[in-house]
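Note sheet for the following structure.
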Amino acid sequence: MTDLTSFRPFDTMIDEESALASLREAVAGADDGELFLERVRSENLSWDDGRVKNASYNASEGFGLRAVRGETAGYAHSTEISEHALKRAVETARLAVGEGGGTLADAPVGTNRKLYTDENPMAEAEFSIKVETLAEIDAFLRDLDKRVVQVSAAMAASLQEVTILRPEGHIVSDTRPMTRLNISVIVEENGRREQGGTGGGGRQMLSGLIDPEHWQPVAREALRIALVNLEAVPAPAGVMDVALGPGWPGILLHEAIGHGLEGDFNRKKSSAFSGLMGQRIAAKGVTVLDDGTIPDRRGSISVDDEGTPSGKNVLIEDGILVGYMQDRQNARLMGVKPTGNGRRQSYAHAPMPRMTNTYMLSGDAKPGDIVADVKDGIYAVGFGGGQVDITNGKFVFSCTEAYRVENGKVGAPVKGATLIGDGATALKQIRAVGNDMALDPGVGTCGKSGQWVPVGVGQPTLLIGGLTVGGSAA
């Protein structure tokens, strides 16, 4: 059963004045710090081979106490929200403060802005309705095409509630829902099997995702991708022009460029973009933002995990580097203001600069003209996994849906294509920016230093010259 009561730790678990006294003891002589309290409830249902494969419900709660002095942070956390546990945490957090001598940073500016509902998405539909929906998705796809041999679907919903106590006595609270529906299908023809999948969600109620008007188009799209892959031929290999579709292909932008614009990597001079503020790092017409203020989006946050309101931050403007994403610690050390990008996976993790929704603005080129300008290359509209080296920006991404393009004509789909390059070079080799910017459907999760947080990406259709394509064609 889900607990429908609100998370009020200072009413039911720990005395507010006592907690504030402990926090002030931990940060005496420090530069910054906070007490982060959290409760998370989540449920996951998965369907495979015509039956429910997994059904789970999880609940967790705890606190994290942080004291920051210079570049050092002391952090202690506990699953027990009590005065006893907090007093023990103070001893650990204070190790970072040492003899003190710091000046406590100004508190974040408050906000009453809410970007999403604070209702519990798990409570609005009975378990039986959720299972019936997954069964209907299975039947729908099998009826749609007799080549379907397997259907997998997963439904997830969660509610994260956070309360942040600042040393000044200021309290910030945020209630963050999250829902997602993923559909995958395997088709078979003449002994060949291929897979297609898609999904999405955001900070919204589950009812919108389990409505047939939503999931039927999602199911059709998963099937379409699988059928496209049935016709795919081995991808070519070599250096060629690459057109990227709008929306989810922005994951390449997120990984190859976005991480390199996070404040900690630049403060430590380990980013390929370190020391380049105010310089041209991308082609003219390229403007990139990180925006945590878009209502209901997967990567959006009303406030970050330090209590700073999220922002709409310009990172690259017309090709010029103009900003980094900052948490409070890195902003102070770099002499700039926090940007609302201090994020953490849970109470058990210290915050660090992280992306929210990272996207490139539209240009003025027509998407059809961009593809027509490709003389010898590929048109990539779907991506899977990728790897990036932050220090030099080198990346490798696998395409889940891509097409051969010759003399401006889109040809056969290709499989096994990977894009290889480095972010700094790819930015400067952007030859055209489309007028069709789109955000992804709500599927992104970003990893950094062992922490995972939900994110969003987006971009218009792009033409990048001279990327290396790894393929399997003889």
Kindly indicate whether the side chain of [X], heavy atoms from C-beta on, has any atom under 4.5 Å from the side chain of [Y].
X      : Y      : result
Leu315 : Val322 : no
Leu463 : Ile430 : no
Ile316 : Phe273 : no
Asp174 : Glu161 : no
Tyr359 : Asp291 : yes
Val242 : Leu467 : yes
Arg344 : Asp304 : no
Glu306 : Pro108 : no

Fill in: Residue pairs, two or more places apart or on separate chains, that pass side chain to side chain donor-acceptor pair (under 3.5 Å) and touch residues 455-469
Asp436-Thr461
Worksheet entry | Listed once per pair and sorted, the side chain to side chain donor-acceptor pair (under 3.5 Å) pairs that draw on residues 347-356, sequence neighbours left out |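 Output for this query lists Asp290-Thr356, Ser346-His349.
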Can you list everything that forms a side chain to side chain donor-acceptor pair (under 3.5 Å) with [X]? Sequence neighbours excluded, please.
X      : result
Asp241 : Arg431
Trp47  : Asp138
Ser46  : none
Thr179 : none

Is a salt bridge present between [X] and [Y], judged by a nitrogen-to-oxygen distance below 4.0 Å?
X      : Y      : value
Arg66  : Glu34  : yes
Lys448 : Asp264 : yes
Asp318 : Lys284 : yes
Arg192 : Glu194 : yes
Glu401 : Arg224 : yes
Arg176 : Asp305 : yes

Worksheet item: In a check of side-chain contact (heavy atoms from CB on, under 4.5 Å) between Arg343 and each of Ser310, Pro353, Pro454, which one passes?
Response: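 Among Ser310, Pro353, Pro454, the one that satisfies the side-chain contact (heavy atoms from CB on, under 4.5 Å) with Arg343 is Pro454.
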Within 6.0 angstrom of [X] [atom1], more than 12 heavy atoms from elsewhere:
X      : atom1 : value
Lys375 : NZ    : yes
Asn54  : CG    : yes
Gln279 : CD    : yes

Measuring from atom [atom1] of [X] to atom [atom2] of [Y], what distance do you get when rounded to the nearest 0.5 angstrom?
X      : Y      : atom1 : atom2 : result
Phe383 : Trp248 : CZ    : CH2   : 10.5 Å
Leu206 : Lys130 : CG    : NZ    : 6.0 Å
Arg297 : Thr293 : CZ    : OG1   : 12.0 Å

Donor-acceptor contacts, no H, no angles, side chain residues 228-239, under 3.5 Å, sequence neighbours left out:
{"residue": "Asn229", "atom": "ND2", "partner": "Gln195", "partner atom": "O", "Å": "2.9"}
{"residue": "Asn229", "atom": "ND2", "partner": "Ile225", "partner atom": "O", "Å": "3.3"}

Only counting residues at least two apart or in another chain, list the ones meeting side-chain contact (heavy atoms from CB on, under 4.5 Å) with [X].
X      : value
Pro338 : Thr308, Arg328, Ala331
Arg8   : Ser6, Asp11
Arg220 : Phe140, Leu144
Thr339 : Asn313, Met325, Gln326, Asn341

Would you say the side-chain atoms of [X] and [Y] include a donor-acceptor pair closer than 3.5 Å?
X      : Y      : result
Glu221 : Thr198 : no
Asn330 : Arg267 : yes
Arg39  : Thr163 : no
Asn266 : Tyr324 : yes

Just distance, no hydrogens or angles: give the donor-acceptor pairs under 3.5 Å from side chains in residues 148-159, sequence neighbours left out.
{"residue": "Gln150", "atom": "NE2", "partner": "Asp48", "partner atom": "OD1", "Å": "2.8"}
{"residue": "Ser152", "atom": "OG", "partner": "Asp48", "partner atom": "OD1", "Å": "2.8"}

Worksheet entry | Side-chain (Ser302) to main-chain (Lys114) donor-acceptor, under 3.5 angstrom |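 Not at all, since once roles are kept as given, no pair shorter than 3.5 Å links the two residues.
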Worksheet item: Does Thr418 reach the main-chain N or O of Phe397 with its side chain, forming a donor-acceptor pair under 3.5 Å?
Response: no
